[in-house]
Amino acid sequence: MERNDFPKDFIFGVATASYQIEGAYNEDGKVPSIWDVFSHTPGKIKNNENGDVACDHYHRYEEDIKIIKDIGFDAYRFSISWPRVMKNTKEKNEKGLDFYNKLIDKLLENNITPFITIYHWDLPLFLYEKGGWLNDDIALYFQDYSSILFQNFGDRVKHWITLNEPWCSSFLGYFYGIHAPGHKNLQEAIKTDHNLLRAHGYSVEAFRDLVKDGKIGITNVTTKVEPADETEEDFYVALLVDELTNGWFYDPIIFGRYPENARAILQRNGIEIFENDMNIISKKIDFFGINYYTRQLVKYAPEEPFMFRTIEGELEKTEMGWEIYPEGLYDMLLKIYNRYKTPLYITENGMAGPDKIENGKVHDTYRINYLKSHFENALKAIKDGVDLKGYFIWTLMDNFEWAEGYSKRFGIVYTDYTTQKRYLKDSAIWLKKFLEGK
Ligand SMILES: N#[N+]C[C@@H]1[C@@H](O)[C@H](O)[C@@H](O)[C@@H]2O[C@H]12
């Protein structure tokens with residue numbers, strides 16, 4: 001497989017997120033985020049690590065852009081830190097806007113197309129203190145914030161993603177409690193997800209007025225859910241979990257309603273489902289972003305609240321314990337495209353590996369094999385009719401992996417956190433050759 005096997009206008013990119021790489025957590029007027037608070041709370045993050053410095057990208061962005069350029073990527077997906085550009089619900093932080101203006105200008109200077117993610121989980125603390133995603137007003141606060149970004153960057157940035165993985169923001173942040181703000185309440189998760197989707201819709205509405213020549217979408221967790229065994233019960237719970245994990249975040253945007261089986265099981269467990277603003281939530285988008293990593297095997301378990309248990313699979317696994325399952329990418333690309341008939345980008349795909357550095361080298365052949373097999377499945381999906389427009393690797397450099405701290409390395413570039421030196425792994429060198437094959 002070669003780069004030229006993909007369509008001529010197909011985009012290969014690399015992705016990051018503000019809290020995971022920027023550092024400078026309290027510099028130049030940036031106010032706290034819920035992740036600053038959460039990571040400073042003992043016991044929340046492995047080894048009690050935090051994003052105070054991370055990859056120091058705030059000061060090293062020019063060096064990092066040079067690496068992106070040298071590897072040969074067409075595009076770079078990054079997120080804006082809401083608390084870095086807004087001091088409160090009304091006042092902008094000019095120094096924060098300046099940082100992103102310089103970043104965007106440097107990308108364009110290097111002929112790298114910027115893709116902006118408006119929200120990648122670092123909610124300003126001043127909003128959390130007003131109820132955060134539980135407060136219905138947040139959808140309009142998000143519209144105001146989005147509009148400021150569109151007005152400041154929309155002249156140069158034409159590809160926008162409103163939210164990254166609302167499933168994580170709502171279910172990991174408000175139900176499982178392993179992400180900020182660390183709540184454990186299913187009703188709150190369902191409520192926050194609805195407000196996240198409302199915020200998405202209001203942002204799309206503003207975008208249509210402010211960036212008329214731009215494209216906007218949303219990025220969702222997209223996991224292949226499969227029955228552990230070929231029994232009717234396992235097939236049923238696989239359908240249910242697919243609706244809860246995937247459909248719950250896709251269906252409202254295209255169909256203006258939540259998937260019925262998941263809805264029924266939630267209501268049967270006494271959970272209130274929200275319907276307001278479905279006309280806003282389903283404002284027409286230009287693409288879906290798919291974040292694909294692995295599959296989830298589920299087993300019928302009537303004793304469980306949602307009648308299923310997740311089963312550990314037998315396939316080779318990454319350092320996250322996720323099975324390496326490239327076929328699942330093909331399956332989900334076909335499924336999502338055929339169900340929603342909306343253009344797609346793979347906005348994240350990659351793996352955490354047992355990366356060891358020796359004499360400045362990291363021999364991550366496993367990551368090269370991972371990327372090759374997923375590229376092949378993406379290409380197969382294109383050949384089978386999927387309007388797939390691009391593929392962003394997660395991630396540029398090792399960075400702050402949320403609750404895992406710095407223990408998990410997803411980068412194609414190795415980050416030495418003591419020196420902040422970057423080292424191209426073998427996977428980056430392989431990618432450089434692959435991308436040169438234009
Ligand atoms: N875990 N993991 C890796 C990666 C995470 O680092 C990103 O921030 C998320 O968008 C998504 O979960 C995927």
Original post:
Run the side chain to side chain donor-acceptor pair (under 3.5 Å) check on Tyr19 and Ser39 step by step: do they pass?
Top reply: CA-CA 11 Å; Tyr19 188 76; Ser39 67; 2.8 Å; yes

Ignoring hydrogens and geometry beyond distance, is a side-chain donor-acceptor pair present between [X] and [Y] at under 3.5 Å?
X: Glu165; Y: Asn220; answer: no
X: Asp229; Y: Thr231; answer: no
X: His120; Y: Ser79; answer: no
X: Ser203; Y: Tyr145; answer: no
X: Trp394; Y: Asn291; answer: no
X: Tyr250; Y: Thr222; answer: yes
X: His183; Y: Glu188; answer: yes
X: Thr223; Y: Thr245; answer: no
X: Asp398; Y: Tyr414; answer: no
X: Asp56; Y: His59; answer: yes
X: Asn152; Y: Tyr100; answer: no
X: Thr192; Y: Asn195; answer: no
X: Arg77; Y: Asn164; answer: yes
X: Asp122; Y: Ser18; answer: yes

Carboxylate-amine/guanidinium proximity below 4.0 Å for [X] and [Y]:
X: Glu401; Y: Lys46; value: no
X: Glu275; Y: Arg263; value: yes
X: Glu323; Y: Arg295; value: yes
X: Lys191; Y: Asp193; value: no

Subject >> Aromatic ring proximity, centroids under 6.0 angstrom, Tyr406 and Phe400 >> reply: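 Yes, ring centres under 6.0 Å apart.
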
**OP:** Return yes if some donor-acceptor pair links the side-chain N/O of Arg409 with the main-chain N/O of Thr415 below 3.5 Å, else return no.
**Re:** yes

Original post:
Where do Glu226 and Gln296 land on the side chain to side chain donor-acceptor pair (under 3.5 Å) test, with the steps shown first?
Top reply: CA-CA 6 Å; Glu226 294 187 345; Gln296 180 181 4; over 6 Å; no

Original post:
Pick from Asp364, Asp355, Thr365: which one makes a side chain to side chain donor-acceptor pair (under 3.5 Å) with Lys425?
Top reply: Asp355

Original post:
Aromatic rings Phe12 and Phe10: how do their planes relate, parallel, tilted or perpendicular, breaks at 30° and 60°?
Top reply: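 Ring orientation of Phe12 relative to Phe10: perpendicular.
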
**OP:** Evaluate side chain to side chain donor-acceptor pair (under 3.5 Å) for His194 paired with Tyr258, printing each intermediate quantity in order.
**Re:** CA-CA 10 Å; His194 192 70; Tyr258 287 111; 2.7 Å; yes

**OP:** For the pair Tyr58 and Ile21, evaluate side-chain contact (heavy atoms from CB on, under 4.5 Å) and give the outcome as yes or no after the intermediate values.
**Re:** CA-CA 8 Å; Tyr58 185 76; Ile21 65 168; over 6 Å; no

Subject >> Stepwise side chain to side chain donor-acceptor pair (under 3.5 Å) check, Tyr202 with Asp277 >> reply: CA-CA 10 Å; Tyr202 278 107; Asp277 278 348; 3.3 Å; yes

